[in-house]
There are 4 protein chains.
Amino acid sequence: MQDAHSEPTRDTNGKTKSTARRGRPVGDHKAKQAVLLKAAIAVIAKEGYAGASLRKVAKQAGYTTGAVTYYFANKEAMITAVAENLFDEFHALLEAGREHADLKAILEQWLEWTRTEDDAWLVLFQLLAHARHEPAFANILQQRYAGFRQIFTSILESGQSQGRIRRDIPADLLADQISAISDGWMMMFPLEPERFEPHRVQTLLDAAITMISPYPASGD
Amino acid sequence: MQDAHSEPTRDTNGKTKSTARRGRPVGDHKAKQAVLLKAAIAVIAKEGYAGASLRKVAKQAGYTTGAVTYYFANKEAMITAVAENLFDEFHALLEAGREHADLKAILEQWLEWTRTEDDAWLVLFQLLAHARHEPAFANILQQRYAGFRQIFTSILESGQSQGRIRRDIPADLLADQISAISDGWMMMFPLEPERFEPHRVQTLLDAAITMISPYPASGD
Amino acid sequence: MQDAHSEPTRDTNGKTKSTARRGRPVGDHKAKQAVLLKAAIAVIAKEGYAGASLRKVAKQAGYTTGAVTYYFANKEAMITAVAENLFDEFHALLEAGREHADLKAILEQWLEWTRTEDDAWLVLFQLLAHARHEPAFANILQQRYAGFRQIFTSILESGQSQGRIRRDIPADLLADQISAISDGWMMMFPLEPERFEPHRVQTLLDAAITMISPYPASGD
Amino acid sequence: MQDAHSEPTRDTNGKTKSTARRGRPVGDHKAKQAVLLKAAIAVIAKEGYAGASLRKVAKQAGYTTGAVTYYFANKEAMITAVAENLFDEFHALLEAGREHADLKAILEQWLEWTRTEDDAWLVLFQLLAHARHEPAFANILQQRYAGFRQIFTSILESGQSQGRIRRDIPADLLADQISAISDGWMMMFPLEPERFEPHRVQTLLDAAITMISPYPASGD
DNA sequence: GATGAATGAGTGTTCATTCAT
DNA sequence: AATGAATGAACACTCATTCAT
């Protein structure tokens, strides 16, 4: 990508005589950090949080071990950066959908996202499992989640006032349920991907929407 | 290897009543294994899967390092045993509730279980996060989960035929939703325990049941 | 030494195919720990505290890195063990000399010790320099030093009552001075060993003793 | 390398009054080096030699990492510069006291110095501990120390000729003893600062002087 | 049947040093 | 003149695993 970096992983001689490629290179800090971040996501997705060593991330990105610790103060900082990154993307998605206030459209868009960036789920899930043992990190996730639920709630509320969402359950509780359902799917997806192929997810989505919709005139 | 090793968790009598053998009171192989298992659960709950070293398990149980590797072929075997153990408990719970076919009762019973054995959730969640990278282990979880969903489906079906569960969504889809919701809760519980205190869980439960119930005569 | 250990450092093939010499060996814990301790002393003497890595200690002892961390909880514990070991030796020396209450004899004996076990000084000095940044370790040294000074004081006191030590300076102050002088020598010895060859040390010693002796009948 | 590098500490004007050069105010090479030197002293005092990384020095001085390696060829060069700096100060002190030839005054002055610049001792001690493993560095220390002892000897000699210093021990041996005592104090000061509070040091000093003084008319 | 000494690969992290800019 | 990105070796430490006893 960066020509100044001339594909460091491709060199096959292995040993790279000590004084290779030192000194100040061109690259732009942000861009390189992004490369590392992407590598981290890929590694976490493949190996899980526990298996995601800095060495593996470095290798994946074509950098040296030292480079990773240069760009991130420590592993935790890297993980946090990954989380923020992922949440930012998700937040943008949600925010974009907010104006339409069309729940189904939002959910479908989100579905599309999970399909194209399927690593995201895997990573988010790993991060969640890890959060329990890093209170500082847990805190970040909590706040982000709370934000998402709030957006969700406001969408559901406007849906209720338009008669498209059932009114017998408060919007915040519905938001919780929808949030839990999608978390539940996220949890099972890595385990049984075949149960979450597009068609089936569409069916699940329809069922979920039916559950939060008002009954038709003569319901069953 | 050791034939005594095969299917250690399947035996249902639990107690291993020493089989009246005279002389040396025998190694209580299963009993000791159970102690180790309990220790493993405690450690995983506290430290997460990644942090659960065999050393820590041994220490927690008051055993030697060697003992753990003696009773379990390797770490993976120990983890698998823990999972089987947990699922067995959960299975028993579900099976017990099956006869009543009263969904709410079942959910509440399950709720009670999660409250008394709160390690279970924590551990299950950690195990799930780990499963992705151990196909053999993933397989076990898949089968167990499939079994649970099946039981759930059959309960929901009988609920539908009795008019207590909405009929506009197939029972298996409802089972999936309920399963996903509870997984979602399990996922969030370690992160935000304060959002899952008894009263609030009751509210969430009620809402969930409302969502899968048929509408009253004149619904909204 | 231990035949069960068949001189591990001697093997020249370097690689030692992975599964070599595992399992429970014969050795006696204390003895092996002593070997490691000796190795640690040698390494610290040669490379200083900072340069004394666990790897180097292991190599020096003909053990693996893991073995060192098996015998000592961590580096600090190893250092502490080294210090205790050295101080114990020194204490025994001092205690032995206490009965004669002959200061000169004691100092000469101690001189002999420093000559045969010249690493001891080097190491003690390194340890002292390190102590400043490890309060727990500093504490140990303090207590040991206090003990030594006390023994010294009691020897000087009995010397005073026998008229062999000057009485115009309190024994505890003299003990401090003697202690400081020997520390000063210890400090300089590594830097200028040629200034501390036997003959010269004898001269220094004589001068020191003259300084703490009562003046002859007609002093200068 | 840089000719500006040679003898950076010897210049006595201190201020480098910019030598009236017009235009770009010039790098103030020496001034910046002095800042770095001061930072290095502070860091070594706080963290010890081993803990004094170039990064920490840079940070302490508010400079970049590169700046340190720009001003000093390498770490060893920095350490050497620190030592030279410290010894220069000490030398000036001793030289100043030489004319009075009053030993007690000198020692008290020196005491004052150690009190105001207490980092000096800490650093000198750390440097001494390190010297053993850097022969080139050790050489510098040796020469400096030899110089100090010489000055000391000459002071003691003049003291002897004036009858203020005992004559039964050669001046050079007394110089060695005094030097060793002060080194011994320096060694213990970091470990037990409470034993070296002003009053006690005064007492120690008095005792030391008594030890090298001639006996009064009717001694004990 | 059980132990625990020993291994060696792997971890996160720190560091002096290099050098293109 | 000065910077700071990047390196790679080294560090202390942890771990699952092996196996002689």
Side-chain angles (χ1 to χ4, degrees), chain A residues 4-5 8 15-29 32 50-56 58 63-76 78, chain B residues 2 4 24 26-27 29 32 50-56 58 63-76 78, chain C residues 4-5 8 16 18-29 32 50-51 53-56 58 63-76 78, chain D residues 2 24 26-29 32 51-56 58 63-76 78:
Chain A
H5 214 282
K15 286 275 104 153
T16 48
K17 297 289 283 182
S18 206
T19 30
R21 243 193 347 270
R22 291 286 200 79
R24 185 182 230 202
V26 252
D28 136 46
H29 195 92
K32 296 212 167 173
S53 72
L54 300 192
R55 274 166 181 73
K56 283 180 195 158
Y63 284 48
T64 61
T65 325
V68 181
T69 56
Y70 176 72
Y71 279 99
F72 302 102
N74 50 37
K75 187 177 180 178
E76 202 54 35
M78 185 184 79
Chain B
Q2 243 85 13
R24 164 159 160 289
V26 159
H29 194 93
K32 290 204 172 180
S53 72
L54 299 191
R55 272 168 179 67
K56 285 180 193 158
Y63 283 42
T64 61
T65 335
V68 183
T69 52
Y70 177 72
Y71 281 99
F72 301 103
N74 51 37
K75 188 177 180 178
E76 202 53 35
M78 186 185 78
Chain C
H5 214 279
T16 49
S18 205
T19 29
R21 240 190 352 265
R22 293 284 201 81
R24 185 183 229 200
V26 251
D28 135 45
H29 195 92
K32 295 215 167 172
S53 71
L54 301 191
R55 275 166 181 69
K56 285 178 194 160
Y63 285 47
T64 61
T65 326
V68 181
T69 56
Y70 176 73
Y71 279 98
F72 302 102
N74 50 39
K75 186 176 181 179
E76 202 55 34
M78 186 184 78
Chain D
Q2 244 84 12
R24 163 160 159 290
V26 160
D28 296 304
H29 195 94
K32 290 204 172 182
S53 72
L54 300 191
R55 271 167 180 68
K56 284 179 194 159
Y63 284 41
T64 61
T65 335
V68 182
T69 51
Y70 177 72
Y71 281 99
F72 301 103
N74 52 35
K75 188 177 180 178
E76 202 53 35
M78 186 185 78

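Reckoned from all heavy atoms, side chains included, excluding hydrogens, waters and symmetry mates. Only a predicted model underlies this, so the values are computations on that prediction, with no experimental measurement involved. So that the names make sense, note that chain A is the first sequence line, chain B the second, and so on, each numbered from 1.
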Q) Looking only at N and O atoms, is any donor in the side chain of A/R55 or the base of E/dG12 less than 3.5 Å from an acceptor on the other one? A) yes
Looking only at heavy atoms, what is the nearest atom pair of [X] and [Y], with distance?
X: D/A58; Y: D/V68; answer: CB-CG2, 3.5 Å
X: D/Y71; Y: D/K32; answer: OH-CD, 3.1 Å
X: B/L54; Y: B/T69; answer: CD1-CG2, 3.9 Å

Once you round it to whole Å, what is the distance between [atom2] of [N] and [atom1] of [X]?
X: C/L54; N: F/dC13; atom1: CG; atom2: C1'; result: 8 Å
X: A/Y63; N: F/dT7; atom1: OH; atom2: P; result: 8 Å
X: D/Y71; N: F/dG4; atom1: OH; atom2: P; result: 14 Å
X: B/M78; N: F/dC15; atom1: CE; atom2: P; result: 12 Å

Contacts of D/E76 and C/G66 projected onto DNA chain E by closest heavy atom; the upstream (5') one is C/G66
> Between A/K75 and D/N74, who's closer to the 5' end of DNA chain E by nearest nucleotide?
Replying inline: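 The answer here is A/K75.
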- Compare the minimum distances between each of E/dT18, F/dT18, F/dT7 and the side chain of D/T69, then state the nucleotide with the smallest one.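 Among E/dT18, F/dT18, F/dT7, the one nearest the side chain of D/T69 is E/dT18.
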Side-chain atoms of C/K56 come closest, of F/dC11, F/dG4, E/dT13, to F/dC11
#### Entry: All side-chain contact (heavy atoms from CB on, under 4.5 Å) counterparts of A/A67, not counting sequence neighbours
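For A/A67, the residues satisfying side-chain contact (heavy atoms from CB on, under 4.5 Å) (neighbours in sequence not counted) are A/Y63, A/T64.
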The side-chain contact (heavy atoms from CB on, under 4.5 Å) partners of A/S53 (sequence neighbours excluded) come to A/R55, A/K56
side-chain N/O [X] vs [N] OP1/OP2, d < 4.0 Å:
X: D/Y70; N: F/dA1; answer: yes
X: C/S53; N: F/dC11; answer: yes
X: D/K32; N: F/dA2; answer: yes

Sequence neighbours excluded, the answer for salt bridge (Lys or Arg N to Asp or Glu O under 4.0 Å) partners of C/K75 is none
Q) Touch check for A/A50, heavy atoms < 4.0 angstrom, all strands: base, sugar-phosphate only, or nothing? A)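 If one applies the 4.0 Å heavy-atom cut-off, A/A50 turns out to touch nothing in the nucleic acid.
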Listed range with range, the stems formed with DNA chain F by at least 3 consecutive Watson-Crick or G-U pairs (under 3.5 Å) are E:2-21 with F:2-21
